[in-house]
Amino acid sequence: MTTAVVVFPGTNCEHDVVTAMTDLGGSARLVWHRKTDLDSYDSVVLPGGFAHGDALRTGAIARFSPIMEAVSRFADQGKPVVGICNGFQILCEAGLLPGALIANRDLSFICRYVDVEVTDTGTVLTNAAATGQRLRIPLNSYEGNWVDPTGEGRVVVKYTDDPNGSSERAAAVANDAGNVVGIMPHPERATDPLLGSTDGRAFLRSFLNSLVPA
Amino acid sequence: MTEQPVHRLLGMTDGEYESVVGILDRPPMPAELAMYSVMWSEHCSYKSSRKHLGRFPTEAPWVVVGPGENAGVVDLGDGWLAALRIESHNHPSFVEPYQGAATGVGGILRDVFTMGARPIALWDQIRFGPLDNPKNRYLLNGVVGGIAGYGNAVGVPTVGGEIEFDPGYTGNPLVNVMCLGILKREQLVLGTAGTPGTMAVLLGKATGRDGIGGASVLASASFDEESGAKRPSVQVGDPFEEKKLIEACLELYEKGLVVGVQDLGAAGLSCATSEPAGRAGVGMEVDLDRVHTRESGMTAPELLMSESQERMMAFVAPERVDEVLAIADRWEIDSAVVGEVKAGGTLRISHQGDLVAELPAATLADNAPLYDRPAQRPDWLDEIQARPGPDLSSHDPADLLAKLLDDPAIGSSAWIYEQYDHMLFLNTVVGPGSDGSLLRVKGTDKGLGVSTDGNGRLCYLEPRIGGARLVYEAALNVAVAGARPMAVVDNLNFGNPEKPEVMWQFKESVEGISEACEALGIPVVGGNVSFYNETDGVDINPTPVVGLLGLADPMPQDPPRLSGAADGMELWLVGPAASGNLAGTAAQRLIDERPGGIPTGPDPEMAGDIIRLAADLAHFAPVLHDISDGGLAVAAAEIAIASGIGVVLDLPAEEIFSEDPHRFLVAFHHGSIDLPAYARKVGVCGGDQIVINGSSLRLDTAATTYREALPRRMR
Amino acid sequence: MKIRVEVTRRPEIADPQGTTIKRALHDLGHTDVTEVRVNKVFHLEVEGGSDTEIRDKVEEMCRQLLANPVLEDFEIELVP
Amino acid sequence: MKIRVEVTRRPEIADPQGTTIKRALHDLGHTDVTEVRVNKVFHLEVEGGSDTEIRDKVEEMCRQLLANPVLEDFEIELVP
Ligand SMILES: Nc1ncnc2c1ncn2[C@@H]1O[C@H](COP(=O)(O)OP(=O)(O)O)[C@@H](O)[C@H]1O
Ligand SMILES: [Mg+2]
């Protein structure tokens with residue numbers, strides 16, 4: 001049950017994701033964006049960072065990386081696909097999640113803990129949490145403001161306050177099947193008590209749970 | 001305008017030009033003149049400061065690489081090393097704050113990963129004029145934006161720093177950045193060209209006309225009304241390119257593919273060819289036509305002087321060159337084999353079939369001019385030191401505390417550090433917003449404590465005491481995070497060295513830093529000098545900045561935090577009794593129009609004991625906080641605000657706002673900790689007020705004032 | 001051939017940059033500015049092909065990459 | 001009155017974003033694109049005043065805020 005953690009040029013949270021998943025008993029390996037198959041993996045994480053330097057729009061160039069076709073197939077097959085921060089932006093650009101991410105309302109980068117509330121537990125990233133559960137995890141983004149012109153996106157985690165202007169205070173959004181989820185704050189930054197919070201475990205545990213064959 | 005000889009336009013004196021003619025035994029060709037002019041600039045050659053920098057203690061058993069290389073390297077034990085370096089980008093940040101600060105970050109990162117280390121954290125030290133001036137707000141905004149824009153995107157967290165305001169920085173802000181990297185011993189790489197036959201491979205960004213003359217013109221001359229004319233030199237940072245370059249270089253080191261590496265900073269290719277060759281005692285043949293360029297028609301001097309960012313020169317054995325090029329290709333960075341190392345010490349550079357330079361490589365660094373500039377104690381200093389301190393008797397302590405919490409240099413810097421990714425890599429155990437940073441070294445029990453400290457006002461009043469106090473303050477800051485001081489880097493920001501008063505301030509500061517390092521038994525492993533920080537003839541306060549690295553082995557598993565105070569805990573002061581001298585304090589800055597007096601000097605012996613004690617206490621005390629800007633009152637208020645609990649202080653009047661050195665506060669439940677006899681109980685935690693000898697301030701008001709001090713001025 | 005592509009954010013979508021700049025202009029005393037929108041313009045240099053061919057190519061680039069259809073429209077202009 | 005301001009980075013100053021976009025277009029097969037520069041365009045709505053007055057005002061805004069004189073030039077166009 002191995003997770004592919006995709007590395008684009010400019011990605012920078014890949015090692016953190018591997019560390020956090022391994023600490024929780026999972027197994028994760030880095031996969032370069034020019035790879036074209038994910039056959040030996042059971043799930044995918046697109047980690048945070050600045051793929052292609054965020055040139056043009058965040059995620060706009062990364063979505064054309066060769067690996068993304070495999071990620072799409074994965075998503076279609078109902079396998080778990082999670083994008084964190086920049087990974088969320090890439091999934092939106094790739095059309096695997098609805099909406100798009102634009103600059104924060106106050107046009108400034110935000111790196112701090114935020115409180116979020118789980119509103120939908122029917123996804124690969126939230127199944128081990130309880131509806132209404134409040135968690136504290138770090139946000140770290142400039143383009144964290146999710147807009148959804150269709151108004152039909154499925155919001156599964158919400159900020160309890162409104163740090164960045166995101167529609168419906170969305171912190172995480174899922175596809176209809178619940179196997180593709182994008183989350184803006186970083187669960188992997190909140191898994192070790194030494195660093196201040198372990199609330200991110202609820203999300204990563206959900207993800208690991210979803211790998212157990214039914 | 002009268003015709004000037006070219007060497008003068010390039011910032012070279014007639015005497016320096018004559019030396020070049022002497023070395024070559026003929027007049028230099030244009031490309032040669034360009035190379036000497038950048039390499040012999042103040043910024044690259046340290047010609048005014050070198051003599052004094054020799055004063056620093058630089059040796060200790062744990063020093064692996066001392067000053068002189070791109071970064072200092074120390075041994076952390078168990079096969080781990082740390083690389084540390086600090087750098088200034090003052091003048092470029094005034095010209096263009098965002099790009100100036102951004103390229104400063106890019107440059108300091110390269111200094112560290114040149115050594116084979118992975119950069120794991122950055123710290124910024126920034127200084128501006130008062131924020132009621134819109135220009136200063138613009139500069140602060142741009143500088144913080146540039147550090148955030150580059151640091152966040154390159155993927156290295158900025159985990160702390162410091163900020164100071166003083167009218168003297170209005171026309172000359174200071175932007176310093178420090179970077180820490182870690183590496184396994186076998187990955188250490190030096191800036192050497194290796195043996196004859198080694199190939200020089202240029203990696204990274206295409207070369208353009210960026211910052212031509214930047215080193216000699218921007219970093220080494222003063223600002224005046226014409227500085228607008230210097231603007232074409234502005235460089236643009238590209239953190240994405242740097243990120244790829246870091247990963248590619250780290251892979252090269254891991255696979256043992258390079259003999260040596262040199263980054264291209266100020267002086268670009270001139271430096272990256274001559275310095276590694278000089279260090280290895282070899283020569284080199286370089287073909288400029290192979291350099292990948294962004295613009296067409298660049299001349300040889302332009303190619304040699306360009307400061308285009310995000311470039312590295314790797315020295316590679318010929319049979320490994322293909323592997324190196326393949327790795328560069330995989331990381332999607334450009335590369336070119338531009339030269340070959342030759343025996344004999346001559347650097348030969350050709351361009352479009354012509355030999356454009358032929359000179360002894362080592363002379364660019366080794367024969368740089370060395371000035372023993374006159375130094376003289378300023379005659380205005382007596383008058384300033386004789387001024388009486390502020391009179392606090394007519395001030396209510398709680399009122400004064402409220403005003404201090406509203407000082408943007410004392411109030412929370414969250415507005416700054418929340419724009420920085422300060423958590424990446426999952427190492428930040430104690431992050432910004434307390435004293436020193438504490439970073440874990442994953443896979444070991446070790447932690448690294450780091451603090452950077454500067455104080456222009458103290459150094460203005462008495463540079464030797466000021467310099468020494470910076471070291472003690474930084475040492476105590478890392479100690480309260482559980483680390484023992486290990487090594488120092490310094491960044492010496494001063495005015496015009498051609499003025500004897502400035503040279504004296506410089507010399508005295510170096511002396512103070514050196515004495516304190518000797519007393520603590522820690523070496524200086526690197527640094528940087530920035531002179532000519534003056535505007536229209538007025539020099540900045542002498543502003544040395546110290547960056548100190550400490551080792552916590554083992555690292556406290558539950559280190560003290562400002563937020564650790566609880567109802568009923570006692571607050572104790574550890575350190576000498578306050579002298580009552582308020583020279584150079586925040587209280588003085590609030591009350592008196594101008595600083596005056598002589599700041600309290602350190603007690604080196606006691607300081608050592610106190611620093612050791614703090615590092616021990618950090619393994620079990622819930623709260624430790626050193627006393628600095630704003631004195632005990634502010635330190636106690638910071639604990640109260642962070643912990644969300646009031647505090648009642650009862651203490652002698654001269655203790656309240658004293659900033660006497662090497663003193664700290666510790667909070668704990670009665671009887672849980674034994675302290676030495678000189679420690680005194682100064683208060684108790686509880687309630688919803690901060691009470692100082694009966695006068696009180698509501699905790700929620702204090703918290704709002706503290707949080708808003710900076711952001712409200714930036715709106 | 002030189003081509004100019006302007007990518008505009010759809011009016012119904014928030015434009016934090018425009019909003020912030022408008023506020024900043026008001027703070028500077030330019031209170032007669034009632035609206036600010038910020039767009040991106042690409043100046044491309046494309047080789048070969050007839051005008052129509054080039055326009056088609058650039059349209060494809062826009063649909064693929066230069067504009068995000070969720071947020072943006074685009075306008076192509078061949079610069080003589 | 002509607003005003004269009006285009007802010008261009010000076011040609012001698014590096015444009016990393018343009019370079020990255022060009023590389024991406026090449027990767028997508030558009031290898032006939034030889035140059036990409038990215039500019040910002042502001043669409044302003046300004047009330048009151050004659051054409052000259054408005055142009056002067058906008059020029060001041062550009063110098064103060066919209067363009068960075070160290071890196072950028074600007075061009076103002078009144079849209080009829
Ligand atoms: N420019 C800055 N960037 C990042 N962090 C900063 C900056 N200025 C201050 N800080 C953080 O705020 C805290 C308080 O800073 P300071 O008052 O200078 O500490 P000290 O007096 O203990 O040296 C520190 O944790 C520091 O890292
Ligand atoms: Mg401190």
Side-chain angles (χ1 to χ4, degrees), chain C residues 1-11 15 17-51 53-68 72-77 79, chain D residues 1-11 15 17-51 53-68 72-77 79:
Chain C
M1 152 101 43
K2 286 191 199 307
I3 300 97
R4 195 181 160 288
V5 178
E6 181 157 348
V7 174
T8 49
R9 186 164 285 187
R10 299 239 184 81
D15 177 15
Q17 220 189 340
T19 316
T20 306
I21 291 171
K22 183 171 139 191
R23 193 174 336 120
L25 286 172
H26 283 205
D27 284 353
L28 287 171
H30 302 292
T31 45
D32 31 14
V33 178
T34 57
E35 168 92 43
V36 181
R37 302 283 299 184
V38 190
N39 293 342
K40 263 180 294 201
V41 176
F42 301 92
H43 291 268
L44 310 178
E45 184 86 60
V46 184
E47 273 172 359
S50 70
D51 280 14
E53 277 164 8
I54 288 196
R55 186 181 282 277
D56 287 352
K57 270 191 223 172
V58 174
E59 215 172 297
E60 200 193 334
M61 295 178 207
C62 288
R63 268 198 306 267
Q64 280 183 308
L65 181 71
L66 299 181
N68 178 347
E72 296 164 333
D73 296 318
F74 58 86
E75 214 173 289
I76 299 171
E77 198 185 311
V79 185
Chain D
M1 150 101 44
K2 285 191 200 305
I3 300 98
R4 195 179 161 290
V5 179
E6 180 156 349
V7 175
T8 48
R9 182 166 285 195
R10 298 237 186 87
D15 178 14
Q17 197 185 192
T19 314
T20 306
I21 295 171
K22 182 172 130 188
R23 198 191 271 256
L25 286 170
H26 283 203
D27 279 356
L28 287 173
H30 301 293
T31 45
D32 32 15
V33 178
T34 56
E35 168 93 43
V36 180
R37 304 278 302 182
V38 190
N39 294 341
K40 257 183 301 203
V41 176
F42 300 92
H43 292 268
L44 309 178
E45 184 84 62
V46 183
E47 273 172 359
S50 70
D51 281 13
E53 278 164 7
I54 289 197
R55 187 180 279 279
D56 287 352
K57 270 190 224 172
V58 174
E59 214 172 299
E60 202 192 334
M61 296 177 207
C62 287
R63 269 197 303 265
Q64 286 179 311
L65 184 74
L66 301 181
N68 178 343
E72 297 167 331
D73 296 318
F74 58 86
E75 214 174 289
I76 299 171
E77 198 186 311
V79 185

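Residue numbers start from 1 in every chain, and the chains themselves are labelled A, B, ... in the order their sequence lines are given, proteins ahead of strands. Both backbone and side-chain heavy atoms feed into the values below; hydrogens, waters and symmetry mates do not.
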**Report entry** When D/V46, D/L65, D/V41, D/L66 are compared by non-hydrogen pairs under 4.5 Å with chain C, the top option
**Finding:** D/V41
Look up atom [atom1] in [X] and atom [atom2] in [Y], then write down how far apart they are to the nearest 0.5 Å.
X	Y	atom1	atom2	answer
C/K2	D/T34	NZ	OG1	8.0 Å
C/D32	D/E47	CG	CD	7.5 Å
C/F42	D/Q17	CZ	CD	7.0 Å
C/H43	D/D15	NE2	CG	11.0 Å

Query raised in the report: In chain order, what residues pass the side-chain contact (heavy atoms from CB on, under 4.5 Å) check against C/T8, with sequence neighbours excluded?
Result: C/E6, C/N39, C/D73
Query raised in the report: Which region of C/I3, side chain (C-beta onward) or backbone (N, CA, C, O), has a non-hydrogen atom less than 4.5 Å from a non-hydrogen atom of chain D, or is it both or neither?
Result: neither
Report task. With a 4.5 angstrom heavy-atom cut-off, could you sort out which part of C/H30 is near chain D: side chain, backbone, both or neither? Result -> side chain
